[in-house]
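As structure tokens, the structure follows; a few thoughts come after it.
Please read all numbers here as calculations on a predicted model, not as lab measurements. Letters go in sequence order (proteins before strands), and every chain restarts at 1.
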Amino acid sequence: MVTKEDYISSDPSSWCPGCGNFSILQALKQALVELDLAPWQVVMVSGIGQAAKIPHYLRVNCFNGLHGRALPAAFGIKTVNHKLKVIAAGGDGDAYAEGGNHFIHAMRRNPDLTYLVHDNQIYGLTKGQASPTTDLGMKTGTTPSGSVDIPESPLAVAVAMNCSFVARGFAGDIPHLAGLIKQGINHKGFALIDILQPCVTFNKINTYQWYKDRVYKLDGEPGYDPSDRVKAFEKALEWGAKIPIGVIYSKERPVFEDSIFKPGDASLSRQPLNPPDFVKLLEQYL
Amino acid sequence: MVTKEDYISSDPSSWCPGCGNFSILQALKQALVELDLAPWQVVMVSGIGQAAKIPHYLRVNCFNGLHGRALPAAFGIKTVNHKLKVIAAGGDGDAYAEGGNHFIHAMRRNPDLTYLVHDNQIYGLTKGQASPTTDLGMKTGTTPSGSVDIPESPLAVAVAMNCSFVARGFAGDIPHLAGLIKQGINHKGFALIDILQPCVTFNKINTYQWYKDRVYKLDGEPGYDPSDRVKAFEKALEWGAKIPIGVIYSKERPVFEDSIFKPGDASLSRQPLNPPDFVKLLEQYL
Amino acid sequence: MFDLTIAISGPAGAGMQSISFTLAKTFTRAGYSAYIYHDLMSRIRGGNNTSIVRLKTAPVNSSKETFDLLVVLDKEAAERNRTKVKQNGFLVFDGDKIAPTGSGENLISVPLEKLALEAGKDKITINSVATGAVLALLGSKVQTECFGVVKELFASKGEEVVNNNIAAIKAGFNYVLANYREKIKLDIEPLRVVRKRFLLTGSEALGLGAIAAGVKFYAGYPMSPSTAIMEYIAARAKEYNIAFEQAEDEIAAINMAIGAGYGGVRSMTATSGGGFALMIEGVSLAGMTETPVVIVIAQRPGPATGFPTRTEQGDLNMALHAGHGDFARVILAPRNAAEAVYIMSKAFNYAEKYQIPVIVLTDQCFNDSSYTVNLADVKSEPPDRGEFFNAAGAEAYTYKRYELLGDGCISKRMLPGTENQVVYADSDEHTMEGHISEDGKFRERMTRKRLDKYIEIAKKIDKPIYYGEADPKVVFTGWGSSYGALREAADLLNEKGIPAAVLHFNMIFPLPEIQLPFDLASLDAFVCVENNVTGQFADIFEKHQRISFTKRILRYDGRPLTAEFILDNL
Amino acid sequence: MFDLTIAISGPAGAGMQSISFTLAKTFTRAGYSAYIYHDLMSRIRGGNNTSIVRLKTAPVNSSKETFDLLVVLDKEAAERNRTKVKQNGFLVFDGDKIAPTGSGENLISVPLEKLALEAGKDKITINSVATGAVLALLGSKVQTECFGVVKELFASKGEEVVNNNIAAIKAGFNYVLANYREKIKLDIEPLRVVRKRFLLTGSEALGLGAIAAGVKFYAGYPMSPSTAIMEYIAARAKEYNIAFEQAEDEIAAINMAIGAGYGGVRSMTATSGGGFALMIEGVSLAGMTETPVVIVIAQRPGPATGFPTRTEQGDLNMALHAGHGDFARVILAPRNAAEAVYIMSKAFNYAEKYQIPVIVLTDQCFNDSSYTVNLADVKSEPPDRGEFFNAAGAEAYTYKRYELLGDGCISKRMLPGTENQVVYADSDEHTMEGHISEDGKFRERMTRKRLDKYIEIAKKIDKPIYYGEADPKVVFTGWGSSYGALREAADLLNEKGIPAAVLHFNMIFPLPEIQLPFDLASLDAFVCVENNVTGQFADIFEKHQRISFTKRILRYDGRPLTAEFILDNL
Ligand SMILES: Cc1ncc(C[n+]2csc(CCOP(=O)(O)OP(=O)(O)O)c2C)c(N)n1
Ligand SMILES: Cc1ncc(C[n+]2csc(CCOP(=O)(O)OP(=O)(O)O)c2C)c(N)n1
Ligand code: SF4
Ligand code: SF4
Ligand SMILES: [Mg+2]
Ligand SMILES: [Mg+2]
């Protein structure tokens, strides 16, 4: 049995005290332990940002790449190691600004990845600039008169891209978040979990309290059917007095790896190299 | 009065005979003439691809930039010349693959631009590879066993991004398309017009006939309300036996330029340089 | 011994490529060497493209400025190219359609369309009529080979199409015999072929080389002139168990490839200069994380979009300095298709052994051109994947990705998913474990670790080819695809009695330590010849070798280097 | 004459920046020169950061390795830095919290927190207590200036906060006087200040210079250490009528800026090496379309993410070779904040006059550092926007964007929206009108047109600074932000009786043609000093000047060059 101790990392965290990232880390560890996954069976891939430091703070395989580029790296890693659990993570800037194009196209491919977006609606590591999810009117270092670009609803975009699993979590509710992460990992396909994550240093608007006052769980919503794409879209747009958390949309479809591998195939990384002789390949040009 | 002759370019076209781009060019010229815009009042900005050659084939101001980067360039041009009509154009690869991130974020800013996407569901200039809108299963140079990545619905994404004007045109119906382009240009804000454009050389599936058999005009649809975002989303997803053309979604909101200029302000490009003296700027550091 | 240049010119889509391919393949099978260069416009239909076929008894790897025989498929083709026909060359055209004027060449009017309709039963067989006419004018006895080629070419289209095309070839052939017999001066017999011989393009050779080297992951974004590599691999991905994906952009492509490299397979991408520009941050990621990856840059003339379908060697400086910070990389540039197979095997070995990004620098004139390849000339280096951590004997969770093992040592790799071990790769400056570090002393060591790989690489490195006279007066230096042109230029000088030689590189960086194989002081001209405007390699070589060229011959009109161009500019 | 180094060290967020700023500003107002270097970790809270303030009678532009006075705000700060305190220096700490051990320095225990709570009524005034303690230990009579600084600093927080902080300063000051009077050896009086003097960071100076040069469009993406430039401009965009936008990524930023340049305004972006890597295709677009744009690269140590908050001069090679193909660019590197204003005015002039991308190369040690600036040292070049097409007299629709006007001439610009004229800009190779071209001869001319701008630029170009002895034995060469350190190193050598000088560049490319202002043959050491691992500038200068340095002193641990480091490594 895997325990939380197995996931202890030697690297001390560099987050601010009180940061929502700690709760996400805790929820993630809890999910991995409950799924009985050993550290070596998991790969975490991240970009750059405060959120993107997370793989260092638990013991897992880690590829901490470039700002905005977690998903393509994760895709490459997963494709050649389709038996490993691959989890990508990063901030809202990482995911939706610098990484916006990869976000869109990863959903088209539907690789079996879980993507945790620590959405603090701000650029933390660079000390407080607007992100694609920053609320209208918010003043930041780069929006001194208030942000004028309307915020992106990553969930609505995900539903529009027919992302096979779309959920929202809240760092203020660890058990619920751990449950979502488990569902995301178990989901066969690309699972987006956008996580409301208070940044105690740079976002003085969307605080723990602000979120607490608004979030409600979809799980309890009678008759909500997360496989209805149009309904899911409507739900994804809800952002104001009430903000839903839970699974917004879920619909399995073939994953990218299915187009390459048959059940039982070894990972590409585990197959012996033995390439074909060039003489054989040249035959067609005789 | 501006006439079609005013828009004749000295540059001969290099498109294939029968290409849908010719019809788009014609519709565009018709729209500009009907709007009584002189060539010098219009700037066309494009990326790279067959579609992106279009600015050369009519007489207008032109910035033919990099593959995928029409929108940022257009944003820069429009912002400093907010009195000019700025039209961006390009192919589906240009717009939704290489340019995918700019597409998303341009909609957040809502600059007063018109974006014509010549959507032939294929990469034309590079001789036939899958694009983000290529239908599932289509065989191309890079999908020899058929495309497995689900196609993007640019219209659904645009509605998800709350793009202020979202329409679909068809190169096979020039008057209708010209009308849409006029509406797009007149619309104050970012107007996406995704145009079904047969590529007679590389797309042997989505042909003129294929589209003709499927398209129907939304304009005639009783009770269709293009300001209802959820309904628009549902409509945007329609792709099969029936494909809607016309205005899918339209809702005005402040444009980016409004955050900078007051009515009557001269364009930044027309304002005299006279910068502040550095001594004045230094004062605060005394 | 013969050396013929045949050009076929017409609007894009009119079949110049198919005629040139048929001719080159026919003569390759008949025992000769062929080389086709395609002079292309960036469009799909119309305009003017020209395919230039060289046929030679000896190996040939470069194009020519003037033609022994020119086939024109429309008026524009005639107007643009007729002055390139040699004094006693032929101009083949459809006299029913166009009437080229002027003198100086032998006008060969062939009713291409009429014969196509009559004999080939379809206008589209014009190409075959033209092929037949060319074969006849060359006085060649290689029709059997030609029919074989056509049979294979059209096999998928059914027997009727095959027969129609053969009939069309015969019609073209016979028409020339009937009307222009007196003009036929040549008499080309098939040679006895001993070794296996192939005709393939540079792109095909790169793709083939990659598969033969064991590539298991390819992600890329289409861009001329690299796209054919991608399509070669896509077409064979299922058969050879390769994961292939078209990325949304070049940034995704390189990061996917690096991910797969970390994941444990041989992985690559290919692009051209503009796409590579977008990969540069990724190159530095590979440098920092020490992840193997192979990147082919098929160069075309820049800046920006430039000349998308033309050729240049203008991206060397960018490749060499791609990425912020200093770290080791290897740059290789194959001289021709045969060598490309070897170069790809080296590329993957360098990438994995030294855990670095490796760049293979080619160009349009290499990628799109077809080469006759002798099996005897094809080599490859056996795979060397570098050292791996031995997890079997190790304590749980003790692996250190960036362990400092002493000067010149490369840290051992380990695949993610190794039982009871984890691997941290980090784009930040890092500790031996791979965690983010802020330590200055440690950074110095890690920086040297990443850079000093050059020292190890330089210890065992391919030397340049030296070809020609031992006591030359003129030495041409160059790199990559220019080899054929430089050799030919040296041959021509030698024929004229001017002792000449070629010093030619395929290992571009790091450069090998060499002693010049000639006496610099006794040269009349020490010339660097490049397909770019500044002489990018010349700068690098001059610095490395601490010498100066006396002259640079630089071509930058988007057209390939040829012996004629070189000698005209000497 | 005095030269003091005061370091304040503690966890991120604990106020080192505010203490150092208050001290530097106080002494600037009192007539001295200050320089602050921030040694930062890439985190928002915790860890260990150190702000190093230098105070000098003469101008100072560089940091030091050892401290006259160290204030530590936690235990880690003491442990990491106590060995850097000079033999007879002071270590200020809160004796109620920590007990630093060891000898060699004068331990000054001040109950920072207690005094803050008592006098400042808030723990947060610890910073002011520490400031007061430092002022006392320096024997300084500059409290009036200090109180003025504190008043302004806290003005927005209300009178109470101001008063609390002043009380806290007094408390710290008095505590030291009461307990350590005998240790105070210094006696610093305010000087009579003649000229206006300012304290500002490199980033602020760049932003200020850009606005003073008339920038009208800024698009950028945050990246340390460039972000402060962006925020400077954002904060003033409304007032100075500048269009400002945070882009979704660096590719958007550069293409927006180029669009605005084509649109007719002075336009810029700023980033660091990794972000610039993503802009490289855009740089070649500016080169090809001949669109003016200014790009600031605030360098940090690479490759990849590297050391985000530390310093290096490692991106010169990338900047110089950014972009596929060859085309002209200008690279400038300001030596200090005062010069940054001039450099920005030059940058926009070069960009517009020659219609090229201009790169301003700075680094973290320049951008984040504060400099005392004398008004007398600030200059700027008046705007030169290059030549514009005169549409008034012209026939309708006859403008040619890329008209070839003869050797060395730049085509005239025209704004889009000019009545009855249109302007075509094209990233493909193009005709004079700006339409896509396939012509080889034309390409040659356009290529030369884009490249030969170098010739024009080189005709009128800033020379390097030569500082020091006329007959030196040692010459230090360097570029950009290293000027202060190099000067100081030369001064120290001269003091020791070794004649030394500095040859220092801010015009990095193209390099000026110079005659060395010293006799190379009589030097003992001709040293290139750089903040990178290979000596990137050294390579470029050696090639340009056809000489060799005898030595390279290279620092690549992420820390800035200092006189001590240079002399230790000589
Ligand atoms: C190419 C590139 N551009 C910019 C940066 C600078 N940068 C680092 S993190 C970051 C954004 C941080 O915001 P987010 O992704 O939301 O993460 P957070 O810190 O809020 O968790 C930026 C812009 C970078 N490292 N690389
Ligand atoms: C950075 C970069 N990558 C790739 C290319 C090559 N390229 C040119 S056009 C094109 C795609 C063409 O497809 P689309 O945008 O749909 O336009 P179409 O030709 O179909 O009209 C590509 C990949 C390029 N020019 N630049
Ligand atoms: S800056 Fe914000 S997101 Fe980053 S660690 Fe601190 S609280 Fe968390
Ligand atoms: S390739 Fe297709 S899109 Fe391009 S011009 Fe030809 S028909 Fe049109
Ligand atoms: Mg964030
Ligand atoms: Mg297309």
Side-chain angles (χ1 to χ4, degrees), chain A residues 9-11 14 38-43 45 48 53 55-56 59-81 83-84 101-102 104-106 108-109 256-257 260 265 267-271 273-286, chain C residues 29 196-200 204 208-209 211-217 219 240-241 243 245 247-249 251-253 255-267 281-282 285 289 341 373 375 378 380 383 385 397 415-428 433-436:
Chain A
S9 161
S10 62
D11 197 27
S14 69
W40 61 271
Q41 295 173 309
V42 180
V43 189
V45 186
I48 294 296
K53 292 176 181 170
H56 292 283
R59 187 158 73 186
V60 278
N61 294 290
C62 151
F63 187 85
N64 184 178
L66 297 172
H67 182 54
R69 317 300 171 192
L71 286 179
F75 175 82
I77 294 167
K78 177 72 185 184
T79 304
V80 304
N81 290 287
K83 310 214 155 154
L84 299 180
N101 206 27
H102 314 309
I104 294 288
H105 290 276
R108 294 185 51 229
R109 295 184 184 105
F256 179 80
E257 301 87 280
I260 305 184
D265 276 359
S267 294
L268 279 177
S269 69
R270 278 11 187 218
Q271 293 178 17
L273 198 61
N274 56 29
D277 192 338
F278 62 73
V279 182
K280 180 181 171 216
L281 291 161
L282 279 167
E283 292 292 329
Q284 87 171 102
Y285 298 105
L286 260 181
Chain C
R29 290 199 181 162
K196 282 192 176 179
R197 299 152 58 73
F198 314 93
L199 184 75
L200 71 166
E204 287 164 338
L208 188 156
I211 296 182
V215 71
K216 283 282 159 213
F217 186 91
Y240 296 109
N241 224 351
E245 178 68 347
E248 55 272 29
D249 57 29
I251 305 174
N255 281 280
M256 285 173 173
I258 290 171
Y262 163 88
V265 304
R266 295 195 146 191
S267 144
E281 199 196 9
L285 175 66
T289 57
V341 177
V373 169
L375 183 55
V378 187
S380 87
R385 308 203 61 186
Y397 299 111
L415 304 194
T418 302
E419 210 173 319
N420 290 327
Q421 299 291 348
V422 292
V423 46
Y424 284 93
D426 189 7
S427 76
D428 298 88
E433 288 76 19
H435 291 306
I436 302 172

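- Heavy atoms of A:Lys78 lying under 4.5 Å from chain C are absent altogether.
- Using a 4.5 Å cut-off between heavy atoms, A:Asn101 contacts chain C through both its backbone and its side chain.
- In plain terms, the two heavy atoms of C:Ala243 and A:Thr79 that are nearest each other are CB-CG2, 3.4 Å.
- Comparing A:Asp277, A:Leu282, A:Val43, A:Ile48 by heavy-atom pairs within less than 4.5 Å of chain C, the highest count is held by A:Leu282.
- With a threshold of 4.5 angstrom between heavy atoms, C:Ile211 approaches chain A through its backbone and through its side chain.
- Using a 4.5 Å cut-off on side-chain heavy atoms (C-beta onward), C:Leu285 and A:Phe63 make contact.
- The parts of C:Val423 that come within reach of chain A are both its backbone and its side chain, each placing non-hydrogen atoms under 4.5 angstrom from that chain.
- Contacts between A:Gln271 and chain C at a heavy-atom distance below 4.5 Å involve the side chain alone, from C-beta outward.
- Here the side chains of C:Asn255 and A:Leu66 are in contact, with some heavy-atom distance below 4.5 Å.
- Proximity to chain A (any heavy atom under 4.5 Å) is shown, for C:Ala219, by neither the backbone nor the side chain.
- Between the side chain of A:Asn81 and the backbone N or O of C:Gly263 there is at least one donor-acceptor pair closer than 3.5 Å.
- Heavy-atom pairs under 4.5 Å with chain A were tallied for C:Glu281, C:Arg197, C:Arg266; the largest tally goes to C:Glu281.
- Taking the side chain as every heavy atom from C-beta outward, A:His102 and C:Asp249 approach each other to under 4.5 Å.
- Of all the listed residues (A:Leu84, A:Asn274, A:Ile104), the one sharing the greatest number of non-hydrogen pairs under 4.5 Å with chain C is A:Leu84.
- For chain A, the nearby part of C:Ala213 is the backbone; its heavy atoms alone come within less than 4.5 Å.
- A:His56 and A:Ser9 make their closest contact through O-OG, 2.5 Å (heavy atoms, listed as atom of the first residue, atom of the second, distance).
- With a 4.5 Å cut-off on non-hydrogen atoms, C:Thr289 touches chain A through its side chain but not through its backbone.
- We find that C:Glu248 and A:Arg109 are joined by a salt bridge, their nearest charged nitrogen and carboxylate oxygen being less than 4.0 Å apart.
- Atom OG1 of residue C:Thr418 and atom CD of residue A:Gln41 lie 12.0 Å apart, to the nearest 0.5 angstrom.
- Each of A:Ser14, A:Ala38, A:Cys62, A:Pro275 has some count of heavy-atom pairs under 4.5 Å with chain C, and the biggest count is that of A:Cys62.
- Side-chain atoms of C:Ser380 do not come within 3.5 Å of backbone N or O of C:Val341 as any donor-acceptor pair.
- When C:Gln421, C:Glu433, C:His435 are compared by the number of non-hydrogen pairs under 4.5 Å with chain A, C:His435 comes out ahead.
- When each of C:Lys196, C:Lys216, C:Glu245, C:Arg29 is scored by its heavy-atom pairs under 4.5 Å with chain A, the top score falls to C:Glu245.
- Using a 4.5 Å heavy-atom threshold, the side chains of A:Asn61 and C:Tyr424 count as separate.
- In terms of heavy-atom pairs under 4.5 angstrom with chain C, the leader among A:Asp11, A:Asp265, A:Leu286 is A:Leu286.
- Looking at C:Phe217, only its side chain comes within 4.5 Å of chain A, counting heavy atoms on both sides.
- Note on A:Lys53, A:Lys280, A:Glu257: by heavy-atom pairs under 4.5 Å with chain C, the leading option is A:Lys280.
- Contact annotation: the side chain of A:Arg69 approaches that of C:Ile251 to within less than 4.5 Å [non-hydrogen atoms, C-beta and beyond].
- For C:Glu419, the parts lying under 4.5 angstrom from a heavy atom of chain A are both the backbone and the side chain.
- With a 4.5 Å cut-off on side-chain heavy atoms, A:Phe278 and C:Leu208 count as touching.
- Looking only at heavy-atom pairs under 4.5 Å with chain A, the residue among C:Val378, C:Asp428, C:Leu375 that has the most is C:Val378.
- Within the 4.5 angstrom heavy-atom criterion, no atom of A:Lys83 approaches chain C.
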